[in-house]
Amino acid sequence: MEAGFPWGSTPTVDLRLWRSDAIVLFDWLMTTDLNTVPITHPAQKQALADLLARLEEEDVIESTEEEIAAAQEEVAKDMGW
């Protein structure tokens with residue numbers, strides 16, 4: 001069990017993400033100052049930090065600038081808004 005992540009004692013949810021979504025989210029979280037993200041409760045900021053930590057365990061951490069740009073294009077197309 002990692003410090004700060006009591007997964008063994010807390011119920012968890014398995015979440016499958018489209019790889020492009022994971023790349024876009026990881027890139028955004030890495031380049032965003034979480035202190036400036038509008039929140040209504042401190043737990044929201046912590047949840048984003050936890051999401052970043054989980055994404056850091058995946059191979060998306062090794063994405064190149066080209067892969068990030070391609071993922072952004074893929075996710076953005078067919079948005080419908």
Side-chain angles (χ1 to χ4, degrees):
M1 178 167 44
E2 295 179 54
F5 293 105
W7 305 130
S9 62
T10 304
T12 62
V13 174
D14 289 329
L15 177 67
R16 293 177 55 97
L17 285 178
W18 187 25
R19 179 174 168 72
S20 292
D21 282 338
I23 291 171
V24 169
L25 283 170
F26 177 76
D27 180 61
W28 177 73
L29 287 167
M30 286 297 294
T31 58
T32 298
D33 179 357
L34 293 181
N35 292 319
T36 64
V37 174
I39 62 168
T40 57
H41 192 280
Q44 295 166 337
K45 181 178 168 183
Q46 184 59 51
L48 287 172
D50 291 346
L51 175 59
L52 176 59
R54 303 310 287 182
L55 288 170
E56 286 176 331
E57 297 173 1
E58 302 300 322
D59 67 341
V60 297
I61 194 171
E62 299 170 5
S63 298
T64 64
E65 290 298 319
E66 293 80 18
E67 290 171 318
I68 293 167
Q72 290 170 334
E73 280 294 315
E74 195 167 4
V75 171
K77 74 178 179 185
D78 301 324
M79 283 179 34
W81 53 280

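Everything numeric here is computed off the predicted structure, so don't read it as measured data.
Environment of CG in D14: sparse, with no more than 12 heavy atoms of neighbouring residues, nucleotides or ligands closer than 6.0 Å. The local environment of CD in E73 is sparse, with at most 12 non-hydrogen atoms from other residues, nucleotides or ligands closer than 6.0 Å.
Note that CD of Q46 and CD1 of I39 are 10.5 Å apart. Values are rounded to the nearest 0.5 Å.
Under the 4.5 Å side-chain heavy-atom criterion for grouping Ile, Leu, Val, Met, Phe, Trp and Tyr, V75 is not connected to I68 through any hydrophobic cluster. There is no path of hydrophobic side-chain contacts, each under 4.5 Å, that joins L51 to W18. The same ILVMFWY cluster, assembled from side-chain heavy atoms under 4.5 Å apart, contains both L52 and I23. In this structure, V37 is a member of the same hydrophobic cluster as F26, with clusters built from ILVMFWY side-chain heavy atoms closer than 4.5 Å. Grouping the Ile, Leu, Val, Met, Phe, Trp and Tyr side chains by contacts below 4.5 angstrom, directly or via other members, places L17 apart from V24.
D27 and Q72 make their closest contact through OD2-NE2, 3.7 Å (heavy atoms, listed as atom of the first residue, atom of the second, distance). For the pair A71 and S20, the tightest heavy-atom approach, listed with the atom from each and the gap, is CB-O, 3.8 Å. Scanning all heavy atoms of the two residues, the minimum distance from E56 to M30 falls at OE2-SD, 3.9 Å. The two atoms that bring V60 and R19 nearest to each other are CG1-NH1, 3.6 Å, heavy atoms only.
A distance-only check finds a donor-acceptor pair linking the side chain of Q44 to the backbone of H41 [under 3.5 Å].
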